[in-house]
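Reviewing the structure listed below.
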Amino acid sequence: MRLLFYAHSSTIYGANVSLVNLISGIMRHHPETFVHVIIPSEEPIGSLLKKNKIGYSVIPHLYWSYNFEVAEKHRRSSNSVFKIWYLKNKWEKKIKNLLYRRRHLAMVKELNPDLIYVNSSLAPMGAMMAKKLNVPFLWHHRETIEEPVYGFMLEDRQQFSHYFRHAALHIYTSQFLHEFYKKEFGTHRFKIAYNGVAFKDENLGFSRPDFVKIKFGVVGRINSQKNQKEVLEIFRELLKDYKQKMELILIGEGEKLYLEKIIPKNTGVNYLGFLPKNEIYQHFDFLIVNSKNEAFGRTVAEANAAGIPVLGRFSGAFPEIIVPGKNGYLYEDAKGLKKAILDLAEGITPATYASLSSSSREHFEENFTIEQYSEAIWTALKKVVS
């Protein structure tokens, strides 16, 4: 089988890391398969692909979506300002994608894939090449679109729907995401596959040498959709009275102005910035995931792999992947999160934590390994090609 993968961006956050994990799993278990990845720019994903010995080409291609928050800022200025900004962005990207199209066509013809794997809803080029060259394509959806929480708004819904109907198979990272797309774009052939994550045995937690202070962690790209601001506000209040019992560790990158706006000064919040994955989960005892409409929640699986339980908002896919009392706990809102933090800070024992940590790891092994993930998608790939 010859597989061509289209990455929508060159970042090394969830969607692309998951893609690299998938390809690595396929290469390890099916070495006879030819794989190649097209990325829109070189770094940082290029280094990750090289590290994993995955062949790739760099050919630019652009999104067919715009950012809701940015659009609303322009709309508040005036509707005319918004329309000018919107049309400029839309047609600039359309024209550039048309100019890049020839290079993509030449590359796809040269690679002659049996199937094209489009790794996100946000960029159209892989789907366009598949339809143009009559190659079946599989569309892996990893985010909601056309809703303000994630903020990815389509510039041409009709065009998106056109390609959506032509996909040989849609893959969704959760039942929640499938239901979302089903409501927006109808029922099509699909498969639900939870993301798999890589892990190392030496990252396991399972016990705590010191239980005087509970350390809570927030991990990932720092932006409004992930809703870290609400967590920081809760800790700003709690740390006034419970500084000796708890600590918040914030790990990830974001825009400088946004970070300065949301991170409180001198309140016990420890901001560590970006860290390699194998260094993240040694810094805290519980992960907090507070985003709304999360399509999966990769950090939940990563934390569980390291034996770290999770406090998750009852939203998006979290109720599917967090089993209360096994790999963490769910809460409804800010009030519920505050109560959960206090309950843990004042009541959890080393024995309880060790048991919860162990069962978190078991939950990972039952649901989120690379082997399960890559084999599930490999089976789907074979069916599409045949």
Let's go through His74 and Tyr66 carefully: what are the C-alpha distance in whole Å and the side-chain angles of both, what is the deciding distance for side chain to side chain donor-acceptor pair (under 3.5 Å) to 0.1 Å, and is it a yes or a no?
CA-CA 12 Å; His74 290 295; Tyr66 65 90; over 6 Å; no
Salt bridge (Lys or Arg N to Asp or Glu O under 4.0 Å), that's the test. Do Lys73 and Glu69 meet it? Break it down for me.
CA-CA 6 Å; Lys73 288 179 182 178; Glu69 284 190 10; 5.7 Å; no
Start with the C-alpha gap between Lys292 and Glu230, add the side-chain angles, then the distance that decides, and say whether salt bridge (Lys or Arg N to Asp or Glu O under 4.0 Å) holds.
CA-CA 11 Å; Lys292 300 175 181 178; Glu230 186 173 64; 5.8 Å; no
Before giving the answer on salt bridge (Lys or Arg N to Asp or Glu O under 4.0 Å), spell out for Arg28 and Glu371 the whole-Å C-alpha distance, their side-chain angles and the decisive distance to 0.1 Å.
CA-CA 10 Å; Arg28 185 162 57 251; Glu371 288 73 20; 3.7 Å; yes
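Counting only distance, with no hydrogens or angles, the side chain of Thr369 and the backbone of Glu365 share no donor-acceptor pair below 3.5 Å. Without hydrogens or angle criteria, Tyr194 side chain to Ala301 main chain gives no donor-acceptor distance under 3.5 Å. Between the side chain of Ser374 and the backbone N or O of Ile26, no donor-acceptor pair lies under 3.5 Å. Using modelled atom types, no side-chain atom of Tyr329 and backbone atom of Ile322 make a donor-acceptor pair closer than 3.5 Å. Within the 3.5 Å criterion, the main-chain N or O of Phe314 finds no donor-acceptor partner in the side chain of Glu332. With hydrogens and angles ignored, the 3.5 Å screen pairs no side-chain donor or acceptor of Gln175 with any backbone N or O of Glu320.
Looking at residues two or more places apart in sequence or on another chain, you find a side chain to side chain donor-acceptor pair (under 3.5 Å) between Lys339 and Asp343.
Closest approach of Gly14 and Arg298 over heavy atoms only: CA-CD, 3.7 Å.
Two residues are said to be in side-chain contact when any heavy atoms from C-beta on lie closer than 4.5 Å; Leu356 and Phe286 meet this criterion. A heavy-atom distance below 4.5 Å is found between the side chains of Asn21 and Val17.
The ring pair (Phe, Tyr, Trp, His ring centres under 6.0 Å) with His141 is formed by just one residue from the set Tyr181, Phe190, Phe185; it is Tyr181. Residue Phe296 forms a ring pair (Phe, Tyr, Trp, His ring centres under 6.0 Å) with just one option from Tyr172, Phe368, Phe318, and that option is Phe368. Tested against Val37 for a side chain to side chain contact (heavy atoms under 4.5 Å, CB included), the candidates Asn119, Leu49, Leu4 yield a single pass: Leu49. A side chain to side chain donor-acceptor pair (under 3.5 Å) with Arg142 is found for one member of Thr173, Asn195, Asn16 and no other, namely Asn195.
Judged by the 6.0 Å and 45° rule, Lys94 forms a cation-pi pair with Trp91.
Classified by interplanar angle (parallel below 30°, tilted 30° to 60°, perpendicular above 60°), the ring pair Phe284/Tyr281 is perpendicular. The aromatic rings of Trp139 and Phe160 sit tilted, their planes meeting at an angle between 30° and 60°.
Under the 4.5 Å side-chain heavy-atom criterion for grouping Ile, Leu, Val, Met, Phe, Trp and Tyr, Met1 is connected to Leu115 within one hydrophobic cluster. Following chains of ILVMFWY side-chain contacts shorter than 4.5 Å, one cannot reach Leu133 starting from Val384, and the two form parts of different hydrophobic clusters. Residues Met27 and Val385 fall within the same hydrophobic cluster, defined by Ile, Leu, Val, Met, Phe, Trp and Tyr side chains chained together at heavy-atom separations under 4.5 Å. Tyr117 and Met128 fall into different hydrophobic clusters, where Ile, Leu, Val, Met, Phe, Trp and Tyr are joined by side-chain heavy atoms under 4.5 Å apart, directly or via other members. The same ILVMFWY cluster, assembled from side-chain heavy atoms under 4.5 Å apart, contains both Val219 and Tyr331.
Side chains of Glu42 and Ser10: a donor-acceptor N/O pair is absent below 3.5 angstrom, by distance only.
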Which pairs of donor and acceptor atoms, one on a side chain in residues 144-151, lie under 3.5 Å apart (sequence neighbours left out)?
unit_1 : atom_1 : unit_2 : atom_2 : d
Thr144 : OG1    : Glu147 : OE2    : 2.3
Glu146 : OE1    : Leu154 : N      : 3.0
Glu146 : OE2    : Arg157 : NH1    : 3.4
Glu147 : OE1    : Val149 : N      : 2.9
Glu147 : OE1    : Asn293 : ND2    : 3.3
Glu147 : OE2    : Tyr150 : N      : 3.1
Tyr150 : OH     : Glu294 : OE2    : 3.1
Tyr150 : OH     : Ala295 : N      : 3.3

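Between Glu179 and Lys183 there is no salt bridge, since no side-chain nitrogen of the basic residue lies less than 4.0 Å from a carboxylate oxygen of the acidic one.
Heavy-atom neighbours of Lys326 NZ from other residues, nucleotides or ligands within 6.0 Å: above the threshold of 12.
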